[in-house]
Amino acid sequence: MKKTFSAIIAAMLVSLSSVAQDFESTIQPILPIPDAIRKPAAKQGTIEEFKYTAHKNGKTLQKHARVYTPYGYNASDKSTKYDVLYLMHGGGDKTTSFLTPPQDWLPLRQVLDHLIADGKMRPVIVVTPTFYDDDENIGANGMNDAIAMTRDFHTELQNDLIPVVENAYNTYLEGTDSIAVTRSRDHRAYGGFSMGALSTWYQLAYGINAVKHFIPLSGDIWVYNDKGEKQDAKTAAEWINSQVAKTPFANSFEVYGYTGTKDIAGTPQKNVIEALDKYAPLFRYNKPDANLRFAMREGGEHFYGHINEYLYWALPIIYSTK
């Protein structure tokens with residue numbers, strides 16, 4: 001079950017650059033999570049299906065996502081507002097992969113419930129959409145289709161999903177246009193696993209106006225030349241730096257990268273983070289005012305059980321209660 005389509009994709013497209021020894025000494029370790037997190041919390045949030053209309057390539061699609069609301073969420077309490085975290089699944093997976101996984105790996109729901117109940121993070125709303133047309137037609141898409149969908153999802157996120165889902169729940173979004181989305185970007189995070197991490201890097205490159213916090217989990221950024229050849233980490237970092245630098249938000253974003261030492265995407269992601277570290281002050285790694293963080297779990301593999309462990313450490317940083 002661990003060998004998902006995401007692992008196959010990552011194996012096909014690994015980055016080409018080497019890792020410098022001096023950078024390895026700055027990588028933060030991911031510690032083991034408490035055993036209590038592996039059991040359901042006494043106070044549990046709610047997971048529900050959310051339907052919305054998307055517009056892609058001239059087509060109108062009826063799509064759905066999963067939405068987690070924390071324990072104690074009260075729809076009628078309009079004075080209490082919540083930040084929103086969007087999490088994108090890996091290649092070949094679906095909207096249920098994060099929030100309703102098989103029982104043989106650590107469910108994200110338990111991580112969220114425990115962190116919130118223990119006061120380690122603020123209550124947040126979590127939305128898990130899909131970059132595919134919908135869960136039912138995943139098999140109809142080839143690799144090139146999937147890459148294009150991850151690259152272009154930022155448009156659907158900003159124009160179709162955010163305005164609808166965040167107006168349906170008690171969030172900081174006030175309005176439905178792009179100005180309203182941008183105005184509330186400080187209260188929005190986007191992350192994902194494997195090809196969902198690729199989608200996260202593309203979101204940073206193309207949709208930074210809508211999101212402030214980015215969480216790429218076991219995945220690097222794929223940049224291609226005119227011949228369709230995948231470029232190395234140095235070229236990819238140069239490209240994403242140039243994309244961010246030309247926006248008004250170059251001084252207002254954060255990246256939280258996590259992976260594992262046995263993850264097929266671990267070295268490629270580390271290579272990209274290493275390359276980005278050379279683009280200070282735009283990307284600031286391991287510094288007092290760091291906006292680029294990276295951690296690795298010893299023995300961490302390419303599957304949701306370990307990915308959800310990474311979120312146990314990442315989310316309290318983003319949604320600090322202090």
Side-chain angles (χ1 to χ4, degrees), residues 1-2 4 6 28-50 65-73 82-90 93-129 169 187-194 196-197 200 213-219 254-260 263 265 293-322:
M1 188 164 294
K2 294 180 181 180
T4 64
S6 302
Q28 301 300 310
I30 298 174
L31 301 175
I33 66 170
D35 289 339
I37 308 303
R38 300 190 180 280
K39 300 177 182 179
K43 297 179 179 180
Q44 301 179 11
T46 300
I47 298 174
E48 56 192 13
E49 184 180 80
F50 184 87
R66 296 303 192 278
V67 178
Y68 166 93
T69 51
Y71 176 84
Y73 176 84
Y82 297 81
D83 286 11
V84 183
L85 165 62
Y86 294 85
L87 286 176
M88 182 60 72
H89 60 74
D93 298 330
K94 55 182 66 176
T95 61
T96 59
S97 296
F98 268 109
L99 288 179
T100 54
Q103 295 303 306
D104 63 344
W105 65 52
L106 173 68
L108 177 60
R109 177 179 188 168
Q110 288 176 202
V111 171
L112 295 167
D113 288 341
H114 280 286
L115 285 174
I116 294 170
D118 294 343
K120 294 183 177 179
M121 67 174 283
R122 302 193 305 274
V124 300
I125 293 171
V126 180
V127 181
T128 59
Y169 295 88
H187 299 282
R188 194 172 298 117
Y190 187 100
F193 164 51
S194 194
T200 303
H213 311 281
F214 300 86
I215 318 172
L217 303 165
S218 292
E254 297 178 350
V255 177
Y256 305 80
Y258 290 77
T259 188
D263 194 313
R293 298 170 177 83
F294 182 60
M296 298 189 78
R297 178 191 189 278
E298 185 64 34
E301 299 180 73
H302 201 72
F303 86 114
Y304 288 92
H306 290 166
I307 295 300
N308 292 340
E309 289 184 22
Y310 308 160
L311 289 169
Y312 174 83
W313 297 107
L315 297 183
I317 302 174
I318 302 172
Y319 302 110
S320 173
T321 57
K322 298 179 180 179

*Not counting sequence neighbours, which residues clear side chain to side chain donor-acceptor pair (under 3.5 Å) with D113? List them please.*
Y68
*Nearest 0.5 Å, what's the CH2-CG distance between W313 and L311?*
13.0 Å
_side-chain contact (heavy atoms from CB on, under 4.5 Å) between R293 and I317, worked out_ = CA-CA 11 Å; R293 298 170 177 83; I317 302 174; 4.3 Å; yes
_Does any part of the side chain of Y319, heavy atoms only, come nearer than 4.5 Å to the side chain of L115, both counted from C-beta?_
no
*Any donor and acceptor pair, going by atom type alone, linking the side chain of T200 with main-chain N or O of G192 inside 3.5 Å?*
yes
*With side chains defined as the heavy atoms from C-beta onward, is the minimum distance between V255 and P216 less than 4.5 Å?*
yes
*If every non-hydrogen atom of S218 is compared with every non-hydrogen atom of G260, which pair is closest and at what distance?*
OG-N, 4.4 Å
*Pair F193 + H302: ring centers closer than 6.0 Å*: yes
*Under a 4.5 Å cut-off applied to non-hydrogen side-chain atoms, are L315 and V124 in contact?*
no
*Rounded distance (nearest 0.5 Å) linking atom CZ of F294 with atom OH of Y258*: 10.5 Å
*Looking at P70 and Y82, what are the two nearest heavy atoms and their distance?*
CG-CE2, 3.8 Å
_Modelled atom types, side-chain donor and acceptor of R66 and T128, under 3.5 Å_ = no
*Any chance you could measure N308, atom CG, to S97, atom OG, to the nearest 0.5 Å?*
10.5 Å
*Using the side-chain contact (heavy atoms from CB on, under 4.5 Å) rule, take I215 and I318 through it: C-alpha gap first, then chi angles, then the decisive distance, then the call.*
CA-CA 10 Å; I215 318 172; I318 302 172; 3.4 Å; yes
*Where is the tightest heavy-atom contact between S194 and G90, given as atom of each residue plus distance?*
CB-CA, 4.2 Å
*Nearest-0.5 Å distance that lies between atom CZ in R188 and atom CG in D83*: 9.5 Å
_Pairs touching residues 313-322 that satisfy salt bridge (Lys or Arg N to Asp or Glu O under 4.0 Å), sequence neighbours left out_ = none
*Can you tell me how far OG1 of T100 sits from NZ of K94, rounded to the nearest 0.5 angstrom?*
9.5 Å
*Would you please classify the geometry between the Y304 ring and the F98 ring as parallel, tilted or perpendicular, with 30° and 60° separating the classes?*
perpendicular
Name each donor-acceptor pair under 3.5 Å that joins a side chain in residues 31-49 to protein atoms two or more places apart or in another chain, with its distance.
residue: R38; atom: NH2; partner: E309; partner atom: OE2; Å: 2.7
residue: Q44; atom: NE2; partner: A41; partner atom: O; Å: 3.1
residue: E48; atom: OE2; partner: Y169; partner atom: OH; Å: 2.4

*Step by step, work out the side-chain contact (heavy atoms from CB on, under 4.5 Å) result for Y312 and K120.*
CA-CA 10 Å; Y312 174 83; K120 294 183 177 179; 3.0 Å; yes
*Taking atom CD1 of I307 and atom CG of L87, what is their separation to the nearest 0.5 Å?*
10.5 Å
*Provide the closest heavy-atom pair for A65 versus T95 in the form atom of the first, atom of the second, distance.*
CA-CG2, 4.3 Å
*Give the intermediate values and the outcome of side-chain contact (heavy atoms from CB on, under 4.5 Å) for residues M121 and I116.*
CA-CA 5 Å; M121 67 174 283; I116 294 170; 3.9 Å; yes
